[in-house]
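Reviewing the structure listed below.
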Amino acid sequence: MIRRAILLAVLGTAAMAAEKPHAHPDHAAAAPVSQATPTIPDLQLLDQDGKTVHFYGDLVKGKVVAIEFVFTTCTTICPPLGATFARIQKVLGPRMGSGLQLISISVDPAVDTPQRLKAWSDKFHRKPGWTLVTGPKPDVDRLLAALGSEVAGKADHTPMILIGNDATGTWTRAYGLGGATQVMKTIESVAARKEAAR
């Protein structure tokens, strides 16, 4: 009985927090929330090919993006997150990279070298338009904090996918383990804001 009461209290708290999707990285929004674009630092990071990328300027500016947070040695939520992005890139097809960008940020940059990220993404048949990034831990930590997804330790990261439309300032979150179809609906909804703004 006590367990049931605790569970109901937790579920009630989560439901209320879901109304404010950016209050905590564990909470997902039911629909896109228009707000000011997060202040995303234009940090120089390395992609899965070892090339330098400016996170904001090269990957986010003017685009619709879906950002997940992973690490290559994870055996629990990261493989399903990778599989979700693999299905999404298949659905997006030629739209990948042309205004729509998938981004995976390592939460364990000390271990996740570009080579490790490439090997991990190869398991999911990554295509152009899906970029994985790593870099010096202080820079990655700063980026995670800016995106509201800082973690105390790599095992504490959540299966949330941050979805944003830089052109319109529409940002929301989707539950990454809810399936590619649900995440795609959120991406399409956020992308439609871009079309409506033109």
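Reckoned from all heavy atoms, side chains included, excluding hydrogens, waters and symmetry mates.
- Residues T158 and I77 share a closest heavy-atom pair of C-CD1, 3.8 Å.
- Of the candidates L132, D47, V133, D122, L117 forms a side chain to side chain contact (heavy atoms under 4.5 Å, CB included) with just one, namely L132.
- To the nearest 0.5 Å, atoms CD1 (I163) and OG (S189) are separated by 9.5 Å.
- Distance check, rounded to the nearest 0.5 Å: CG of L46 to NZ of K51 gives 12.0 Å.
- W171 approaches V65 most closely through the heavy-atom pair CH2-CG2, 3.9 Å.
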### Task
Please test L102 against M96 for side chain to side chain contact (heavy atoms under 4.5 Å, CB included), starting from the C-alpha separation and ending with a verdict.
CA-CA 8 Å; L102 302 181; M96 285 279 291; 3.9 Å; yes
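- The shortest distance between side-chain heavy atoms of T84 and V183 falls below 4.5 Å.
- Atom NZ of residue K127 and atom CG of residue L92 lie 10.5 Å apart, to the nearest 0.5 angstrom.
- Between S104 and T131, every side-chain heavy-atom pair lies at or beyond the 4.5 Å cut-off.
- Shown here for R116 and T73, the closest heavy-atom pair between the two residues is NH2-CG2, 3.2 Å.
- With contacts defined as side-chain heavy-atom distances shorter than 4.5 Å, the pair Y56/D166 qualifies.
- If you chain together hydrophobic residues whose side chains sit under 4.5 Å apart, F69 and V111 never meet in one group.
- In this structure, NZ in K63 is found 12.5 Å from CG in N165, a value given to the nearest 0.5 Å.
- Here K137 contributes atom NZ and D141 contributes atom CG; the two are 3.5 Å apart, rounded to the nearest 0.5 Å.
- Using a 4.5 Å heavy-atom threshold, the side chains of L45 and T52 count as separate.
- In this structure, the side chains of R142 and P41 come closer than 4.5 Å at one or more pairs of heavy atoms.
- Between the side chain of Q89 and the backbone N or O of H125, at least one donor-acceptor pair lies under 3.5 Å.
- Closest approach of D112 to T134, counting heavy atoms only: O-OG1, 2.8 Å.
- Side-chain atoms of R173 and I161, non-hydrogen and from C-beta on, never get closer than 4.5 Å to each other.
- V140 is not listed as a side-chain neighbour of V107, based on a closest heavy-atom distance of 4.5 Å or more.
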### Test side chain to side chain contact (heavy atoms under 4.5 Å, CB included) applied to D108 and T72, step by step
CA-CA 8 Å; D108 188 18; T72 61; over 6 Å; no
### Message
Please evaluate residues I40 and L143 with respect to the criterion side chain to side chain contact (heavy atoms under 4.5 Å, CB included), reporting the C-alpha separation (whole Å), side-chain torsions for both, the decisive distance (0.1 Å), and the verdict.
### Response
CA-CA 7 Å; I40 301 173; L143 179 60; 4.2 Å; yes
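- Aromatic ring pairs are classed by plane angle as parallel below 30°, tilted from 30° to 60° and perpendicular above 60°; the pair W130 and F124 is tilted.
- Of all heavy-atom pairs spanning R95 and E188, the tightest one is NH2-OE2, 2.7 Å.
- Closest approach of Q48 to K118, counting heavy atoms only: O-CB, 3.4 Å.
- With a 4.5 Å cut-off on side-chain heavy atoms, C78 and W120 count as touching.
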